[in-house]
Amino acid sequence: MKRIAITGGIGSGKSFVCRLLAKRGIQVYDCDAAAKRLMRTDAALQRQLRELVGDDVYQGQKLQKRVLAGFLLASDRNKQAVDNIVHPAVARDYEQSGYAWLESAILFDSGFDRRVVFDAFVFVDAPLEVRVSRVMNRDHITREKAMQWINSQLPAEEVKRRCNYTIVNDGKADLDHQVDDLLRALGK
């Protein structure tokens, strides 16, 4: 079973590409959804986050997203500390999931690519302004906040350089055709 990782910056449209793959019978493990699930359900992970961020990161069992986001964006050191708690848990969960495909916005940023061996990496690309607009509309945030999230990730060109394949999701290119080409290239 070949392991394929799909990545791209926030707002690039990775989830949409994954929905196209699902229509073709390919289930993709969603790292973001898994991290959120594990932060809600994994008692050891919750304890570690409380110790790192403070007790106010949870109200009862409910994660306080604004508290966590504020901590993450405050410094690279904070971001790395949270990653060192959450990403090993997500990697273990993925390894036990039976999925071959995985989606992660911060695949290289988090070192996930060093925790799990993949056969190929797919980069979903979109112009910066398209990404900013998508993030602002999806999360109902300001342009400044969207740029803050985008700038907290590895530069798109660096991520693209590390990938074997690129899918352009600019709202104009034919995504179905690109996904079919990708699957042929991967022998699927």
Side-chain angles (χ1 to χ4, degrees), residues 1-42 45 63 65 83 86-141 146 149-150 152-154 156 158-188:
M1 171 171 83
K2 281 186 180 179
R3 285 190 169 171
I4 313 298
I6 299 171
T7 192
I10 187 172
S12 64
K14 296 174 302 303
S15 297
F16 187 78
V17 170
C18 290
R19 285 194 292 278
L20 294 177
L21 288 165
K23 287 181 181 178
R24 290 158 174 81
I26 296 171
Q27 297 299 312
V28 181
Y29 180 93
D30 181 338
C31 283
D32 190 43
K36 289 173 184 172
R37 174 179 47 82
L38 291 168
M39 284 190 279
R40 278 193 323 269
T41 62
D42 186 307
L45 194 148
L63 178 68
K65 294 176 188 174
D83 284 352
V86 176
H87 293 290
V90 174
R92 283 190 301 276
D93 192 64
Y94 169 69
E95 296 248 299
Q96 297 168 0
S97 72
Y99 285 77
W101 291 67
L102 171 139
E103 171 195 355
S104 174
I106 56 172
L107 184 79
F108 300 117
D109 313 51
S110 68
F112 202 98
D113 62 310
R114 294 186 303 275
R115 290 185 178 95
V116 176
V117 175
F118 291 96
D119 297 292
F121 299 100
V122 178
F123 179 65
V124 179
D125 196 12
L128 178 61
E129 286 308 314
V130 171
R131 293 174 58 203
V132 169
S133 177
R134 287 175 180 163
V135 173
M136 288 172 61
N137 290 330
R138 181 192 71 197
D139 297 344
H140 309 290
I141 59 175
W149 279 114
I150 288 169
S152 75
Q153 298 177 339
L154 278 177
E158 171 64 19
V159 177
K160 185 177 184 177
R161 185 186 64 74
R162 296 185 190 189
C163 290
N164 310 92
Y165 304 95
T166 299
I167 292 178
V168 177
N169 186 4
D170 59 2
K172 299 172 189 168
D174 185 336
L175 286 174
D176 281 309
H177 183 73
Q178 291 180 81
V179 168
D180 290 340
D181 285 350
L182 171 67
L183 293 176
R184 274 192 292 282
L186 292 170
K188 300 277 181 194

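What you see below is based on every heavy atom in this structure, not just the backbone, and it leaves out hydrogens, waters and symmetry mates.
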Q | Separation of K14 NZ from T7 OG1 (nearest 0.5 Å) | A | 6.5 Å
(Q) Could you measure the distance from the NE2 atom of H87 to the CG atom of L107? Nearest 0.5 Å is fine. (A) 10.0 Å
Q) In chain order, what residues pass the side-chain hydrogen bond (donor to acceptor under 3.5 Å, both in side chains) check against R24, with sequence neighbours excluded? A) D176, D180
Q. Got a donor-acceptor contact below 3.5 angstrom from the D119 side chain to the I4 backbone?
A. no
Q.
Under the criterion side chain to side chain contact (heavy atoms under 4.5 Å, CB included), I'd like the reasoning laid out for V86 against L38: C-alpha separation, chi angles, the key distance, then a yes or no.
A. CA-CA 8 Å; V86 176; L38 291 168; over 6 Å; no
Q: Apply side chain to side chain contact (heavy atoms under 4.5 Å, CB included) to D83 and I106, showing your working.
A: CA-CA 10 Å; D83 284 352; I106 56 172; 4.3 Å; yes
Q: With rounding to the nearest 0.5 Å, note down the distance linking CG in L186 to CD1 in I26.
A: 8.5 Å
Q: Please identify each residue that fulfils side-chain hydrogen bond (donor to acceptor under 3.5 Å, both in side chains) with R114, with sequence neighbours left out.
A: none
Q: Flag the pair R138 / I10 as yes when at least one side-chain heavy-atom distance between them is below 4.5 Å, and no otherwise.
A: yes
Q) Closest approach of R134 and N169, non-hydrogen atoms and distance? A) NH2-O, 2.8 Å
Q.
Determine whether a donor-acceptor pair (N or O, by modelled atom type, separation under 3.5 Å) exists between the side chain of E103 and the backbone of C18.
A. no
Q. Any idea which heavy atoms bring Q178 and A173 closest together, and the distance?
A. NE2-CB, 3.4 Å
Q. Which heavy atom of V122 sits nearest a heavy atom of C163, and at what distance?
A. C-SG, 4.1 Å
Q) With K36, which residues qualify under side-chain hydrogen bond (donor to acceptor under 3.5 Å, both in side chains), at least two apart? A) D32
Q: Ignoring hydrogens and angles, tell me if any N or O in the side chain of Y94 forms a donor-acceptor pair with the backbone of A89 under 3.5 Å.
A: no
Q: Could you tell me which non-hydrogen atom of R3 sits nearest to which non-hydrogen atom of V117, and how far apart they are?
A: CD-O, 3.4 Å
Q: Mind checking salt bridge (Lys or Arg N to Asp or Glu O under 4.0 Å) for R162 and listing every partner two or more places apart, or none if nothing turns up?
A: E158
Q. Minimum heavy-atom separation for D170 to V130, with atom names?
A. O-CG2, 4.2 Å
Q: Go through the steps for E129 and S133 under the test side chain to side chain contact (heavy atoms under 4.5 Å, CB included), then give the verdict.
A: CA-CA 6 Å; E129 286 308 314; S133 177; over 6 Å; no
Q | Donor-acceptor contact below 3.5 Å, side chain S12 vs main chain D125 | A | no
Q) Out of curiosity, D109 CG to L154 CG, how far, rounded to the nearest 0.5 Å? A) 3.5 Å
Q) How far does CZ of R184 sit from CG of D181, to the nearest 0.5 angstrom? A) 4.5 Å
Q | K188 vs W101, side chain to side chain contact (heavy atoms under 4.5 Å, CB included): CA-CA, chis, key distance, verdict | A | CA-CA 12 Å; K188 300 277 181 194; W101 291 67; 4.1 Å; yes
Q) Which heavy-atom pair separates L45 from M39 by the least distance, and what is that distance? A) CD2-CG, 3.4 Å
**Q.** Interatomic spacing from CZ in R92 to CG in D42 - rounded to 0.5 Å
**A.** 7.5 Å
(Q) List the residues meeting side-chain hydrogen bond (donor to acceptor under 3.5 Å, both in side chains) with Y29, not counting sequence neighbours, and say none if there are none. (A) D93
Q) Residues two or more places apart in sequence or in another chain: which of them pass ring-ring contact (aromatic ring centres under 6.0 Å, His included) with F121? A) F108, F118
